[in-house]
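In what follows, a single structure is set out as structure tokens and then discussed.
Residue numbering restarts at 1 for every chain, and letters A, B, ... go by the order of the sequence lines. Just so it is clear, the values below take in all heavy atoms, side chains as well, and ignore hydrogens, waters and symmetry mates.
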2 protein chains.
Amino acid sequence: MTPQRQLVLDAVGELEHATPEQICRRVQRSTPSVNITTVYRTLDLLEDLGVVQHTHLGHGAPRYSTRPQEYLRLACHRCEHVIEVDAGELDGLSTTLRAHYGFELDPTHVALSGLCAACARNE
Amino acid sequence: MTPQRQLVLDAVGELEHATPEQICRRVQRSTPSVNITTVYRTLDLLEDLGVVQHTHLGHGAPRYSTRPQEYLRLACHRCEHVIEVDAGELDGLSTTLRAHYGFELDPTHVALSGLCAACARNE
DNA sequence: TTAAGTGCAAACGGTTTGCATGGAT
DNA sequence: ATCCATGCAAACCGTTTGCACTTAA
């Protein structure tokens with residue numbers, strides 16, 4: 001664990017759901033010399049170690065967070081709003097997909113896309 | 001409908017699940033002068049018209065296809081393999097998310113992520 | 001004669017690479 | 001003496017923008 005790696009890990013935990021760019025800016029507040037390349041490399045490393053994870057919200061950069069929380073993300077593709085819900089909502093689907101296709105669903109890696117309540121009303 | 005637009009639409013239908021780059025190369029086989037900028041602009045237009053749609057498979061460029069088929073995509077994040085299954089698999093989840101969060105799920109816009117049967121076995 | 005569609009080049013956001021330096025073991 | 005982590009610059013992929021040119025209403 002180098003100082004840079006600790007700083008990146010701390011930033012991921014403090015920000016939650018931040019992009020690599022945001023994480024880098026946070027780290028640079030205390031240590032401006034840290035390069036974004038190191039942030040990318042460290043995020044990959046921490047993810048291999050299983051202490052952080054990333055989620056894709058459709059477009060744009062992935063979001064990194066510390067592992068323990070297992071949320072399902074619902075991303076509105078109109079207003080970009082993200083709702084986090086209990087990953088247990090997917091239990092039924094998980095079981096079905098495993099039974100029918102042998103597919104092991106990872107609820108955290110990709111957000112589900114759709115319209116949030118507010119945007120759905122204005123359709 | 002300009003000639004370029006017809007060519008792009010044809011290419012989307014012939015290729016199915018192709019990236020903008022692949023669509024562009026296909027169009028250029030018959031009409032090399034067509035620029036990739038035009039492909040992007042045309043894909044946006046055709047999507048607004050509802051005749052094509054795109055799906056995000058986690059990483060990389062989005063995939064475009066002609067609209068009628070309403071498939072749910074299951075993307076393996078280990079081997080990149082994509083399984084297409086009946087979007088009806090999501091009916092239960094759709095209902096739950098609408099009831100609990102007012103969220104209108106769009107099953108086609110983002111692929112679900114996980115491990116395919118083969119990769120799950122080798123975990 | 002105006003508006004819309006196109007091609008081209010340049011910029012863009014996000015990410016990865018090559019390479020030389022620097023510290024730890 | 002070696003190895004790995006870092007910083008920096010440059011390349012990269014996918015996409016968007018500005019602008020001048022053409023074409024069709």
Is there a side-chain polar atom (N or O) of N35(A) under 4.0 Å from OP1 or OP2 of dC8(D)?
yes
Gap between atoms CE and P, on M1(B) and dA4(C) respectively (whole Å)
18 Å
Any donor-acceptor pair under 3.5 Å linking the side-chain atoms of R5(B) with those of T42(B)?
no
For L7(A), the option from V39(A), V27(A), T2(A) that meets side chain to side chain contact (heavy atoms under 4.5 Å, CB included):
V27(A)
Measure the distance from CG on D44(A) to P on dG14(C) and round it to the nearest whole Å.
17 Å
Measure from the side chain of Q4(B), starting at C-beta and using heavy atoms only, and say which of dG7(D), dT6(C), dG14(D) lies closest.
dT6(C)
Reported CD-to-OH distance for the pair Q53(A) and Y64(A), which is rounded to 0.5 angstrom
11.0 Å
For the residue pair H109(A) and H56(A), does the interplanar ring angle fall in the parallel (under 30°), tilted (30 to 60°) or perpendicular (over 60°) class?
perpendicular
Separation of dG5(C) atom P from L49(B) atom CG, nearest Å, is 11 Å
Does T19(B) reach a base, just sugar-phosphate, or nothing at all? Heavy atoms under 4.0 Å.
nothing
Return the value, rounded to whole Å, for the distance between atom CD of Q22(B) and atom C1' of dC13(D).
14 Å
Tell me what P3(A) touches on the nucleic acid: a base, only sugar-phosphate, or nothing, going by heavy atoms under 4.0 Å.
nothing
Does dT23(D) have OP1 or OP2 under 4.0 Å away from a side-chain N or O of T2(B)?
no
Out of dT15(D), dT15(C), dG7(D), which nucleotide sits closest to the side chain of V34(A)?
dG7(D)
Is the phosphate of dT16(D), meaning OP1 or OP2, less than 4.0 Å from a side-chain N or O of Y40(B)?
no
T37(A) near the nucleic acid: base, sugar-phosphate alone, or nothing, with a heavy-atom cut-off under 4.0 Å?
base
Rounded to the Å, how far apart are E21(B) CD and dC13(D) P?
8 Å
Quick check on DNA chain D: between I36(B) and S33(A), whose nearest nucleotide comes earlier from the 5' end?
S33(A)
Under 3.5 Å side-chain donor-acceptor pair for E89(A) and Y101(B):
yes
To the nearest angstrom, how far is R63(B) atom CZ from dC13(D) atom C1'?
14 Å
Counting only side-chain N and O atoms of R41(A), is one of them less than 4.0 Å from OP1 or OP2 of dT16(C)?
no
Rounded distance in Å - CZ (R5(A)) to C1' (dC4(D)):
8 Å
Rounding to an integer number of Å, can you tell me how far L43(B) CG sits from dT6(C) C1'?
15 Å
